[in-house]
Amino acid sequence: MPLRLYDTFTRSVRDFQPLHPPVVGLYSCGPTVYDYAHIGNLRTYLFTDLLRRTLLFNGYAVKHVMNITDVGHLVSDADTGEDKMETGQRRTGRSAWEMAEEYTQAFQADLRRLHVLEPAIWCRATAHIAEQIAFIADLETKGFTYRTSDGIYFDTSRLLGYGRLARLDVAGLQAGARVELGEKRHVTDFALWKFSPSDRKRQMEWDSPWGVGFPGWHIECSAMSAKYLGTFFDIHSGGEDHIAVHHTNEIAQTQARYGTRLANFWLHGYFLQMEDVRMSKSAGDFVRLQTLIDRGYDPIAYRFSCLGAHYRARLNFTWRGLDGAATALNRLRAQVYAWGEAGAIDEAYADRFAAQLNDDLNLPRAVAVMWDLVKSDLPDSAKKATLLQFDRVLGLGLAEWRPVETIVPAEVLILVQRRQQARAARQWPLADELRGQISAAGYEIEDTPQGPHIQRAGAGELSR
Ligand code: AMP
Ligand code: ZN
């Protein structure tokens with residue numbers, strides 16, 4: 001079952017072969033650290049994690065690089081408006097550097113809480129200014145740039161095939177350009193270097209051959225991916241919003257400088273919507289992972305809920321949906337725990353699972369195979385071994401999960417014991433009355449083949 005992946009560049013599902021086996025170079029556009037990540041952003045990183053785990057599952061080694069955008073991402077994709085870091089500074093009253101550090105750490109903590117495997121290399125835009133300047137200087141030498149009063153721009157008309165990734169109708173865009181072009185020659189041209197304003201000093205600015213300023217957003221990814229993965233590597237990933245501008249411009253820069261296509265595969269995760277509305281950081285009132293935790297949810301329930309949708313489909317977040325995922329996850333955990341020791345893997349189920357995974361990461365179907373396995377009549381030990389194998393990709397942490405032990409007060413235990421005696425003697429009214437007393441004391445009792453199971457009332461229920 002070869003791995004097949006949907007490549008946005010060719011708009012087709014293609015067989016995946018690493019350029020330099022067994023290593024796969026993977027670059028994922030990271031967060032802009034002017035605020036916390038919302039659960040929409042995190043969906044995109046969960047998708048990248050499933051991609052990475054699927055590559056590992058197929059026996060490849062993955063060199064995963066993720067950048068941190070801590071300068072240069074402007075409020076508008078048309079290279080107007082201020083740097084998002086500046087809006088963040090105003091909101092938080094912190095320095096740009098402190099803020100970047102704090103939000104980077106918060107982001108990384110969220111990824112850990114979601115069992116997202118840590119990239120091999122994290123790279124910050126501000127730590128790679130020299131590489132970005134060298135890149136722009138080379139583009140200048142090759143004749144791809146021009147200067148305006150506010151920066152150095154990339155001339156997209158100089159590049160044959162500009163906009164291919166997004167199937168942009170460049171001529172149509174140019175003709176219909178209502179936006180104020182300013183000094184830009186073409187609508188699709190974009191900033192490589194922006195000058196600092198003349199009337200004030202920015203917190204983040206650097207000297208360059210063109211004047212004091214800061215790099216544009218797109219150049220960081222071309223410069224850092226080339227540094228860590230080479231000029232043509234296996235897979236580049238990001239969210240669907242990156243197709244039209246950010247990735248289109250990354251490709252343009254790399255092609256202009258090196259003549260290569262940048263990445264062999266382009267994979268894009270589709271958006272999470274909040275009750276049908278697109279979630280965005282700038283909207284202000286967004287849901288963070290911490291919001292879910294504060295409402296009593298386990299972060300892994302969010303991970304589990306994302307497995308229920310294909311990464312190339314938008315996912316509508318609802319609290320009811322999350323409740324469902326939390327309940328199903330808890331059932332699954334208890335079930336897997338109760339199976340005891342793992343035995344031999346069932347190859348038939350393992351093959352079915354791998355087939356779904358390798359069919360462009362069809363996680364909803366892979367999860368369906370998992371439930372088939374749970375309901376199957378295989379021996380518990382085979383179920384356990386096979387499911388733990390699946391969990392290398394699902395990342396639910398099933399091998400480590402333990403039921404939370406409830407400390408039950410002695411008087412409740414006595415009631416439980418008396419109820420057991422009543423049941424043994426078939427004194428049903430007495431048994432029911434004792435159950436009532438146990439419940440009045442705040443405990444629930446569930447009769448299982450292994451004997452009564454006692455827990456605090458409501459403990460199994462995750463409520464908001
Ligand atoms: P940003 O921090 O804004 O640069 O975004 C970080 C990542 O989250 C990018 O890969 C975006 O494409 C992605 N993203 C932004 N909004 C959403 C959303 N609502 N759902 C899924 N991914 C998103
Ligand atoms: Zn990028």
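In each ligand, atom 1 is the first atom listed, and ligand 1 is the first ligand listed.
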Find out whether the Lys NZ or Arg CZ of [X] is both under 6.0 angstrom from the six-membered ring centre of [Y] and within 45° of the ring's axis.
| X | Y | result |
| --- | --- | --- |
| Arg261 | Phe232 | no |
| Arg14 | Phe265 | yes |
| Arg288 | Tyr36 | yes |

Could you tell me whether the side chains of His186 and Tyr162 share a donor-acceptor contact shorter than 3.5 Å?
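No, because no side-chain N or O of His186 sits under 3.5 Å from a partner of the opposite role on Tyr162.
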Under 3.5 Å side-chain donor-acceptor pair for His247 and His218
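Note: His247 and His218 side chains miss the donor-acceptor criterion.
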Taking only Lys NZ, Arg NE, NH1 and NH2, and the carboxylate oxygens of Asp or Glu, determine whether Arg333 and Asp298 approach each other closer than 4.0 Å.
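Between Asp298 and Arg333 there is a salt bridge, with a charged N closer than 4.0 Å to a carboxylate O.
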Are the charged groups of Glu205 and Lys201 less than 4.0 angstrom apart, N to O?
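The answer is yes: the pair qualifies as a salt bridge.
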Between Leu46, Leu272, Val33, flag the one that comes closest to atom 19 (N) of ligand 1 by a heavy atom.
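It is Leu272 that holds the nearest heavy atom.
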Pair Tyr302, Tyr297 - check ring-ring contact (aromatic ring centres under 6.0 Å, His included), show working.
CA-CA 8 Å; Tyr302 179 61; Tyr297 292 97; over 10 Å; no
If I apply the N/O under 3.5 Å rule, does [X] come out as touching ligand 1?
| X | result |
| --- | --- |
| Asn41 | yes |
| Thr44 | yes |
| Phe271 | no |
| Gly40 | yes |

Classify the contact between His242 and ligand 1 as side chain, backbone, both or neither, using a heavy-atom distance cut-off of under 4.0 Å.
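The answer is the side chain of His242.
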Between Thr32 and ligand 1, which residue portion shows a heavy-atom distance shorter than 4.0 Å: side chain, backbone, both, or neither?
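Both of them.
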Any Asp241 heavy atom less than 4.0 Å from ligand 1:
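Checking ligand 1 against Asp241, which is what was asked, there is a heavy-atom contact under 4.0 Å.
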Taking a cutoff of less than 4.0 Å between a non-hydrogen atom of the residue and any ligand atom, is Gln273 in contact with ligand 1?
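For ligand 1, residue contact (heavy atoms, under 4.0 Å) with Gln273 is absent.
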Aromatic contact between Phe47 and His310, with the criterion being ring centroids under 6.0 Å apart: yes or no?
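They do not qualify: ring centres at least 6.0 Å apart.
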Closer than 2.8 Å to the Zn ion (ligand 2), which protein N, O or S atoms?
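Protein N/O/S atoms under 2.8 Å of the Zn ion (ligand 2): Cys29 SG, Cys221 SG, His246 NE2, Glu250 OE2.
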Quick check for you: to the nearest 0.5 Å, what is the distance between Asp110 atom CG and Leu46 atom CG?
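Asp110 atom CG to Leu46 atom CG measures 10.0 Å (nearest 0.5 Å).
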